[in-house]
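All values reported here derive from a predicted model rather than from experimental measurement.
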Amino acid sequence: MTDTALLSLDDAIEAAYDIFLEMAADSLEPADVILFTAQFDDRGAAEAVEISDDWAEHVGFDVDKTRYAEICIGLVNESNDELDDVFARLLISLDPEHKFCHALWKRD
């Protein structure tokens with residue numbers, strides 16, 4: 001553990017979104033890339049959510065929920081303002097000295 005200040009959730013969201021943009025073309029179906037690109041200005045969102053309990057099986061370690069954030073990126077349903085078309089879930093370290101990100105991508 002370090003004494004380094006942790007990233008804010010806003011900074012984590014920004015970092016996760018940058019990673020998403022870098023990897024989306026290689027990680028999503030082409031139709032999803034087109035949909036996200038076309039709809040992002042009106043309905044796109046990146047938001048921090050409560051960390052799901054399934055991350056340990058994906059990353060191979062118990063996730064310290066005080067040192068990581070889960071960011072979901074996708075499209076918001078205009079009728080209920082909820083993120084209902086999730087293109088990626090990202091687990092990102094909030095410790096700037098321990099850079100870590102693992103993404104789970106939407107698959108059709």
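Enclosure of atom CD in Glu50 is not indicated, since only 12 or fewer non-hydrogen atoms of other residues, nucleotides or ligands lie within 6.0 angstrom. Atom CG of Asp62 has 12 or fewer heavy atoms from other residues, nucleotides or ligands within 6.0 Å.
Between Trp55 and His58, the ring planes are perpendicular. Angles over 60° get that label, and only those under 30° would be called parallel.
Checked against salt bridge (Lys or Arg N to Asp or Glu O under 4.0 Å), Asp42 has no partners two or more places apart in sequence or in another chain. With sequence neighbours left out, Arg43 forms a salt bridge (Lys or Arg N to Asp or Glu O under 4.0 Å) with no residue at all. Looking at residues two or more places apart in sequence or on another chain, you find no side chain to side chain donor-acceptor pair (under 3.5 Å) involving Trp105. With sequence neighbours left out, Asp84 forms a salt bridge (Lys or Arg N to Asp or Glu O under 4.0 Å) with no residue at all.
Apart from Leu7 itself, the hydrophobic cluster it occupies contains Leu6, Leu94, where clustering links Ile, Leu, Val, Met, Phe, Trp and Tyr at side-chain heavy-atom distances under 4.5 Å.
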Residues 10-23 side chain polar contacts: donor-acceptor under 3.5 Å, at least two apart:
from: Asp11; atom 1: OD2; to: Ser8; atom 2: OG; distance (Å): 3.4

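Atoms CG and CD1, on Leu9 and Ile92 in that order, are 10.5 Å from each other to the nearest 0.5 Å. A distance of 8.0 Å separates CD of Glu70 from CG of Leu104, quoted to the nearest 0.5 Å. Rounded to the nearest 0.5 Å, atoms CG (Asp85) and CD1 (Ile73) are 13.0 Å apart. Between the CD1 atom of Ile34 and the CG atom of Leu28 there is a distance of 11.5 Å, given to the nearest 0.5 Å. The CG atom of Leu91 sits 8.0 Å away from the NE2 atom of His102 when rounded to the nearest 0.5 Å.
Side-chain heavy atoms closer than 4.5 Å link hydrophobic residues (I, L, V, M, F, W, Y) into clusters, and following such links, even through other members, never connects Leu90 to Val63. Phe87 and Leu83 sit in two unconnected hydrophobic clusters of ILVMFWY residues. Membership requires side-chain heavy atoms under 4.5 Å apart, directly or through other members.
The two residues Val33 and Ala24 make their nearest non-hydrogen contact at CG2-O, 3.7 Å.
Between Asp53 and Lys65 the shortest side-chain heavy-atom distance falls below 4.5 Å. Between Leu75 and Leu35 the shortest side-chain heavy-atom distance falls below 4.5 Å.
No side-chain donor-acceptor contact under 3.5 Å links Ser52 to the backbone of Asp54.
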